[in-house]
Amino acid sequence: MVGQLAYVTDKGRARLEEGMLGPLPVLRWTVYEPPGLASWQLERRLRRAERALIRAGAGRVVLGRDFPYGDRLTRLRRVDPLPLWRWAAQALALGALEAEGLEPRRGRVALSAPRLCSELERTAEGLCPQVRALLIDAPGGADYARYLQARFGLPVTPPAAGAQVTVAFGPGGGRWGRSVELYEGGALGGLRLTAERVELPPDCADQVLALLWERGEVRPEELRVAWGPA
């Protein structure tokens with residue numbers, strides 16, 4: 001079971017409730033922080049919220065954008081959308097090109113990482129039949145680029161040529177065009193993942209979608225990349 005922590009800047013009585021986030025059932029607990037609440041009282045309310053959700057069977061928690069105390073949780077883990085983002089790197093690269101007004105076969109994509117990793121290689125090999133050129137910005141990238149060129153016949157462009165889109169699997173390295181940052185603390189560069197026929201709550205859509213994907217309730221072919229206002 002998954003928990004949800006809500007936040008209200010007013011008085012209220014906290015209790016465990018069953019709720020829904022889109023198609024996802026959750027156990028919800030609201031943390032109330034009325035004006036003048038002492039810091040120690042807030043801390044006690046956060047600990048009580050964690051205990052209640054854990055006793056009910058929730059090991060992870062969904063947090064909305066307006067929940068300000070995610071970094072003060074000590075026992076519950078926030079649902080992390082990063083594994084889904086990294087798995088969907090190929091789709092995000094293609095979506096970023098479309099968001100830039102480019103058909104994939106006319107676009108160049110840079111893949112950046114602190115080291116070559118299986119996720120970068122899977123993304124590169126998936127993109128090879130679909131894009132105009134790749135730029136591999138990682139230690140050992142030149143040898144891997146030659147391998148891609150020999151296997152797929154795809155031009156692998158040097159850094160000086162640049163790219164319209166960068167998909168980064170870590171901080172550091174070069175950035176060209178729109179950047180999709182797939183590491184802790186990164187962001188999708190104005191993109192978002194959605195799914196066909198699934199209505200997602202806007203303030204925690206990435207977390208809910210990640211859970212549905214983990215559970216096999218959203219198939220890979222149902223994922224879509226969107227941009228602009230939700």
Passes side chain to side chain contact (heavy atoms under 4.5 Å, CB included), Leu5 versus Thr30? Steps please. CA-CA 6 Å; Leu5 281 177; Thr30 300; over 6 Å; no
Begin from the C-alpha positions of Gln164 and Leu97 and carry the test side chain to side chain contact (heavy atoms under 4.5 Å, CB included) through to its verdict. CA-CA 7 Å; Gln164 287 90 18; Leu97 287 173; 4.1 Å; yes
With side chain to side chain contact (heavy atoms under 4.5 Å, CB included) as the test, would you mind laying out the steps for Cys128 and Leu134 before giving the verdict? CA-CA 8 Å; Cys128 276; Leu134 286 179; 3.9 Å; yes
Side chain to side chain contact (heavy atoms under 4.5 Å, CB included) between Glu181 and Phe169: does it pass, once the steps are laid out? CA-CA 6 Å; Glu181 310 284 334; Phe169 293 89; over 6 Å; no
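Between Phe67 and Tyr69, the angle of the ring planes goes over 60°, which puts this pair in the perpendicular group of the 30/60° scheme.
If you take OH on Tyr7 and CD on Glu33, they are separated by 3.5 Å, rounding to the nearest 0.5 Å. In this structure, Leu188 CG and Ser179 OG are separated by 11.5 Å, a value rounded to the nearest 0.5 Å. Atoms CG and CH2, from Leu92 and Trp87 in turn, are 10.5 Å apart once rounded to the nearest 0.5 Å. Put simply, CZ on Arg132 and CZ on Arg108 are 5.5 Å apart, with the number rounded to the nearest 0.5 Å. The distance from the CZ atom of Arg192 to the CG atom of Leu200 is 10.0 Å, given to the nearest 0.5 Å. The distance from atom CG of Leu191 to atom CZ of Arg224, rounded to the nearest 0.5 Å, is 15.0 Å.
What you find for Arg60 and Val79 is that their closest heavy atoms are CB-CG2, 4.1 Å. Taking all atoms of both residues into account, the shortest heavy-atom contact from Gly141 to Ile136 is CA-CG2, 3.7 Å. What you find for Gln207 and Val62 is that their closest heavy atoms are OE1-CA, 3.4 Å. Considering all non-hydrogen atoms of both residues, Val225 and Gly95 come closest at CG1-CA, 3.9 Å. Listed here is the closest heavy atom pair of Trp85 and Leu193: CD1-CD1, 4.0 Å. The nearest pair of heavy atoms linking Leu182 to Ala89 is CD1-CB, 3.6 Å.
A donor-acceptor contact shorter than 3.5 Å is absent between the side chain of Arg115 and the backbone of Pro139. At least one donor-acceptor pair under 3.5 Å links the side chain of Arg65 to the backbone N or O of Pro202. Looking at Arg105, its side chain never comes within 3.5 Å of a backbone N or O of Leu102 through a donor-acceptor pair. With hydrogens and angles disregarded, no donor-acceptor distance shorter than 3.5 Å links the side chain of Glu100 to the backbone of Ala96. With hydrogens and angles disregarded, a donor-acceptor distance shorter than 3.5 Å links the side chain of Asp137 to the backbone of Gly174. Checked by atom type and distance alone, the side chain of Thr166 pairs as donor or acceptor with a backbone atom of Trp176 at under 3.5 Å.
The neighbour count for Glu217 CD, taken as heavy atoms of other residues, nucleotides or ligands under 6.0 Å away, is above 12. For Glu199, the CD atom sits in a loose shell: 12 or fewer heavy atoms of surrounding residues, nucleotides or ligands are nearer than 6.0 Å.
Connection of Val167 to Val131 is established within a shared hydrophobic cluster, with ILVMFWY side chains joined at heavy-atom distances below 4.5 Å, either directly or through further cluster members. The hydrophobic cluster containing Leu73 does not contain Leu211, counting ILVMFWY residues as joined when their side-chain heavy atoms lie under 4.5 angstrom apart, directly or transitively. Note on Val31 and Ile54: same hydrophobic cluster, where clusters join Ile, Leu, Val, Met, Phe, Trp and Tyr whose side-chain heavy atoms are under 4.5 Å apart, directly or indirectly. A continuous path of ILVMFWY side-chain contacts below 4.5 Å connects Trp227 to Val165, so both sit in one hydrophobic cluster. No continuous path of hydrophobic side-chain contacts links Leu76 to Tyr32 [ILVMFWY only; heavy atoms under 4.5 Å].
A salt bridge links Arg72 and Glu43; the closest N-O separation between the charged side-chain nitrogens and carboxylate oxygens is under 4.0 Å. In summary, Arg47 and Glu50 engage in a salt bridge, as defined by a charged side-chain N under 4.0 Å from a carboxylate O. Using a 4.0 Å cut-off between charged side-chain N and carboxylate O, Arg122 and Glu119 make no salt bridge. For the pair Arg219 and Glu221, the salt-bridge criterion is met [side-chain N within less than 4.0 Å of a carboxylate O].
Residues Val208 and Pro201 have side chains in contact (heavy-atom distance under 4.5 Å, counting atoms from C-beta outward). Using a 4.5 Å heavy-atom threshold, the side chains of Arg45 and Leu37 count as touching. Side-chain contact between Val61 and Leu63: present, with at least one pair of heavy atoms (C-beta onward) separated by less than 4.5 Å. The side-chain heavy atoms of Leu154 and Gln149, taken from C-beta on, include no pair separated by under 4.5 Å. The side-chain heavy atoms of Tyr183 and Arg86, taken from C-beta on, include a pair separated by under 4.5 Å. Here the side chains of Val218 and Leu223 are in contact, with some heavy-atom distance below 4.5 Å.
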Side-chain atoms of residues 15-27: list all donor-acceptor pairs with protein atoms under 3.5 Å, sequence neighbours left out, distances to 0.1 Å.
{"from": "Arg15", "atom 1": "NH2", "to": "Glu17", "atom 2": "OE2", "distance (Å)": "3.4"}

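For Tyr144 and Glu121, the side-chain atoms include no donor-acceptor pair closer than 3.5 Å.
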